[in-house]
Structures are given as structure tokens and as C-alpha cells.
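Just below is one structure, and these are the notes that go with it.
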Amino acid sequence: MPTMLLLLLCLTGHLFAKEPPDVDCLVVNRNHVKCSWDKEGTPEVNYTFYGWFHNDNVSECPTYLLENNINTGCKQPYHIGQRFESFYSRLQHGQQNKPMKHFLKNKVKLNPPTNVTAQNRSDSNLWVNWSQTKCVQSEVRYRINNRTWASFQVSTDVMEYCINLPSRKSLYEVQVRSRVSSLCGESEFWSDWSEPVLWGSNNSTANQMDMSMSVWNPVLYAVGAFILILLVMMLLHHERIRIIFIPVVPKPSPKLHNIEDWFQFPKGLKESFNYNERPCIVREYCHVSQVDSEASSIPESEWDLSNSGSSSTTTVLSEEGMVSV
């Protein structure tokens, strides 16, 4: 009877024993393989971990990751290029063990980029630069004054990004992350975001003024519309005000023959246009004979005496010597 009870207890314990959890493995920054088995929580027992690449010897984990003195993971050595090979693991506790096969080609997580800087260059653009290993693809994200993030991916091995014409009155927050490029076996995992880099200024007073202005804008629009409607009504119903703002332009009458009658000149200015000028007599030059020139050289006193005595000579001279035009 005691033997039967002992056998029953052993069978019951074996049936209700908890199966080892699944193991997840990831290549970290192409330095080591990190395997963990705490996805469903911290295990109740300490498991022993064995891991090896294809054609390598089976070896126990050299460095365990602990949580409350319980093994929750392992750091396994890694060499460049081994991620393209199969990786094997076995989690064991007593008589229970769980072997697994892993493909790590697309399971690489890089460290965040370092030396992230943001500088405003001579072209008035904001240039973001960072440092990263080779054969990686990066992604930049930034936001202005703590608003929504805007993300942009850059080409492989490009470690700079340009933000066009930034405003110095705004605060720019920039972060960068990266992953293995498709040229080297693209990874499914992005690195964590880098530490944020700030550029510009965040003037809280200006932001509060902008917010207050945005609140008052509808009120100002409504007041402006009301004043405009009131002004239009005044122009329509009050002739004096309408004449002040919109002067009446006189229309020319078809009966007017003088342009001066159409323009409303002052009396003094209008009289200044009424002036008369003596006509200038223009005479043609005509050849005078020597006899006539001698006659013309007679003194004026003698000419007057001869003129009273002989009217015929005067008539001849006037007709031959001078012609009026």
C-alpha cells in the first residue's frame, strides 16, 4: 500500500509539473546573443540554459540575467556573421528540458545612435548629425513645441538629415534610431530612440500670447464685420457722410462747348485764363532798289514834308516795298 501511494504521488507530480517556458533570442548590437524566458513572468524555478550555433559545441550559459535571484535570461557569445547560421537552445530543470531552434538573421537590435547634434548652418537649414556603425538604415523624428512627431527615413549609411528653414522662435526636439539595412540582411527590430536633442527656444510667454490671440480672433472678426456693415448702412442712408467718403464726380453736359465751363475753377483762376494778345504782323522781305533805298535814307523831317506834298510816292513805296501777310 505505501508503495502504491508513492507511485501515485510521483505520477501526479509528473503530470502537474510545469513545462519550461519558450525562449526568445535576439542579437544585440552584433555583439552578443541575448536569450530570455521571462515573457510570461518571472519563473518559479532556476532553469539551466544551453545555447550553441551550428557546428559549435554545446555549452552552458556563461552569463545569466537574474531577477530576484532567479535566472530569467542569458548572454551568449557571438561572432560577426553567425546570425546567418542556425542557433540552438535548451532550457532544462531536473528531468524537464525544452529544445528550440532559432533563426537570427532578421533578429538584430542595434544600440541607439550616438553623438546626435543639431546645428543651424550657413544655408539657414537645421542639420542633424549622428554616429552609427556601418550598413545601417536610420530614421529621424522631430517635433516642434511638443506637438506631434514627424518621422523620416534616410538612406543606408547616411548619417545626417536636413530640416528646411527652421524658426528660431520655436523649440525643436530631435531623435534618431537605426536598424540593419537590407543590404546586410534587414532586421525586423529598430534600435531604441536616441536621447532627445533640443534646438531653438520655447518662449512660454509668446505661446500664451498666441493662445490668447487665437481665442480673441473670432471676437475681432465679428466686431470688424459689424463695423463694416454699420458703415455701409450709414453710407446708404446719410448723404453727407456718403459725399465725404465718396465724392461726386460731375458729368460733362453735351451742351457745353467750352471745357472751362465743365471744370469748377475758382473765379480768380478762371479770369486768369481770359487774356488778349495783340496780333503780330508778319511781313515778307522784298528787294528794294537803290533809288528806293536813297529815298528811305531821307531824314524823317524831310520825309514828312515830301509826304505831305506828294501822296503818290508814298502809295508806290507802300505797295512795292512792303507786303502784309
Side-chain angles (χ1 to χ4, degrees), residues 20-43 46-93 97-117 128-141 151 153-159 161 174-197:
D22 291 337
V23 176
D24 295 322
C25 294
L26 186 69
V27 179
V28 178
N29 202 39
R30 294 184 284 201
N31 277 333
H32 63 271
V33 178
K34 178 184 177 182
C35 296
S36 58
W37 48 88
D38 59 347
K39 187 176 182 179
E40 297 179 357
T42 304
N46 271 328
Y47 289 98
T48 303
F49 179 81
Y50 298 90
W52 66 97
F53 281 97
H54 184 67
N55 295 328
D56 283 352
N57 295 326
V58 179
S59 61
E60 186 180 350
C61 174
T63 306
Y64 281 101
L65 303 177
L66 302 177
E67 184 176 348
N68 297 328
N69 294 325
I70 299 295
N71 297 337
T72 59
C74 173
K75 290 177 64 176
Q76 190 79 13
Y78 171 83
H79 301 288
I80 298 298
Q82 283 187 322
R83 68 188 178 95
F84 297 99
E85 302 175 3
S86 299
F87 181 75
Y88 302 90
S89 67
R90 185 174 73 237
L91 197 61
Q92 182 176 341
H93 178 68
N97 64 79
K98 189 171 187 178
M100 294 185 68
K101 184 178 181 179
H102 309 270
F103 300 96
L104 304 179
K105 175 185 175 182
N106 302 324
K107 295 184 178 181
V108 181
K109 185 174 182 179
L110 302 174
N111 289 337
T114 58
N115 299 326
V116 181
T117 60
V128 182
N129 298 86
W130 60 92
S131 299
Q132 189 55 273
T133 57
K134 298 295 183 181
C135 203
V136 299
Q137 179 187 14
S138 301
E139 183 178 15
V140 180
R141 73 175 184 176
S151 301
Q153 293 187 10
V154 298
S155 303
T156 301
D157 290 340
V158 175
M159 287 176 278
Y161 180 77
V174 185
Q175 289 182 301
V176 185
R177 67 178 182 176
S178 58
R179 67 177 177 181
V180 177
S181 169
S182 58
L183 300 177
C184 301
E186 185 178 58
S187 175
E188 301 174 0
F189 297 89
W190 286 93
S191 70
D192 295 332
W193 289 104
S194 65
E195 291 295 323
V197 174

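The residues of the chain are indexed from 1 along the displayed sequence.
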For [X] versus [Y], what's the shortest heavy-atom pair and its separation?
{"X": "Ser86", "Y": "Phe103", "answer": "OG-CE2, 3.7 Å"}
{"X": "Gln82", "Y": "Pro77", "answer": "OE1-O, 4.3 Å"}
{"X": "Arg141", "Y": "Ser151", "answer": "CB-OG, 3.5 Å"}
{"X": "Phe49", "Y": "Gln76", "answer": "CE2-OE1, 4.0 Å"}
{"X": "Tyr50", "Y": "Gln92", "answer": "CE1-OE1, 3.8 Å"}
{"X": "Val33", "Y": "Cys25", "answer": "CG1-CB, 4.2 Å"}

Could you check whether any side-chain N or O of [X] sits under 3.5 Å from a backbone N or O of [Y], counting only pairs where one atom can act as donor and the other as acceptor?
{"X": "Asp157", "Y": "Cys135", "value": "yes"}
{"X": "Ser36", "Y": "Gly73", "value": "no"}
{"X": "Ser194", "Y": "Val176", "value": "yes"}
{"X": "Trp37", "Y": "Cys74", "value": "no"}
{"X": "Asn71", "Y": "Asn46", "value": "no"}

**Within the 6.0 Å centroid threshold, strictly below: His32 and Tyr78** =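 No, too far apart.
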
**Message:** Can you confirm whether more than 12 heavy atoms, excluding those of Lys98, are under 6.0 Å from its NZ atom?
**Reply:**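 More than 12 heavy atoms, drawn from other residues, nucleotides or ligands, come within 6.0 Å of this atom.
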
**Request:** Please check if any side-chain donor atom of Arg30 sits under 3.5 Å from a side-chain acceptor atom of Thr133, or the reverse.
**Result:**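 On atom types as modelled, these side chains qualify, holding a pair under 3.5 Å.
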
**Request:** Would you kindly say whether Thr72 and Glu67 are connected by a side-chain donor-acceptor distance under 3.5 Å?
**Result:**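 No - no donor-acceptor pair under 3.5 Å links their side chains.
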
Could you give the distance from [atom1] ([X]) to [atom2] ([Y]), rounded to the nearest 0.5 Å?
{"X": "Glu195", "Y": "Gln175", "atom1": "CD", "atom2": "CD", "value": "7.5 Å"}
{"X": "Ser191", "Y": "Lys109", "atom1": "OG", "atom2": "NZ", "value": "8.0 Å"}
{"X": "Glu139", "Y": "Gln153", "atom1": "CD", "atom2": "CD", "value": "5.0 Å"}
{"X": "Ser187", "Y": "Leu110", "atom1": "OG", "atom2": "CG", "value": "7.0 Å"}
{"X": "Leu66", "Y": "Thr42", "atom1": "CG", "atom2": "OG1", "value": "11.0 Å"}

**Prompt:** Does a side-chain N-to-carboxylate-O contact under 4.0 Å join Lys107 and Asp24?
**Reply:**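 No.
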
**Request:** Report yes or no: is the SG-SG distance between Cys35 and Cys61 under 2.5 Å?
**Result:**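 The answer is no, since Cys61 and Cys35 keep their SG atoms 2.5 Å or more apart.
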
**Asked** Taking the inter-plane angle between the rings of His102 and Phe87 on a 0 to 90° scale, is it parallel (under 30°), tilted (30 to 60°) or perpendicular (over 60°)?
**Response**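 Rings of His102 and Phe87: tilted, as their planes differ by 30° to 60°.
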
**Mutual orientation of the aromatic rings belonging to Trp52 and Tyr88 [parallel < 30°, tilted 30-60°, perpendicular > 60°]** =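 Plane angle under 30°, so parallel.
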
**Message:** Tyr161 vs Trp130, test: ring pair (Phe, Tyr, Trp, His ring centres under 6.0 Å). Steps then yes/no.
**Reply:** CA-CA 9 Å; Tyr161 180 77; Trp130 60 92; 7.9 Å; no

**Item:** Intermediate values then yes/no, side-chain hydrogen bond (donor to acceptor under 3.5 Å, both in side chains), Thr156 and Gln137
**Value:** CA-CA 5 Å; Thr156 301; Gln137 179 187 14; 5.8 Å; no

**Request:** Start with the C-alpha gap between Val197 and Thr117, add the side-chain angles, then the distance that decides, and say whether side-chain contact (heavy atoms from CB on, under 4.5 Å) holds.
**Result:** CA-CA 7 Å; Val197 174; Thr117 60; 5.8 Å; no

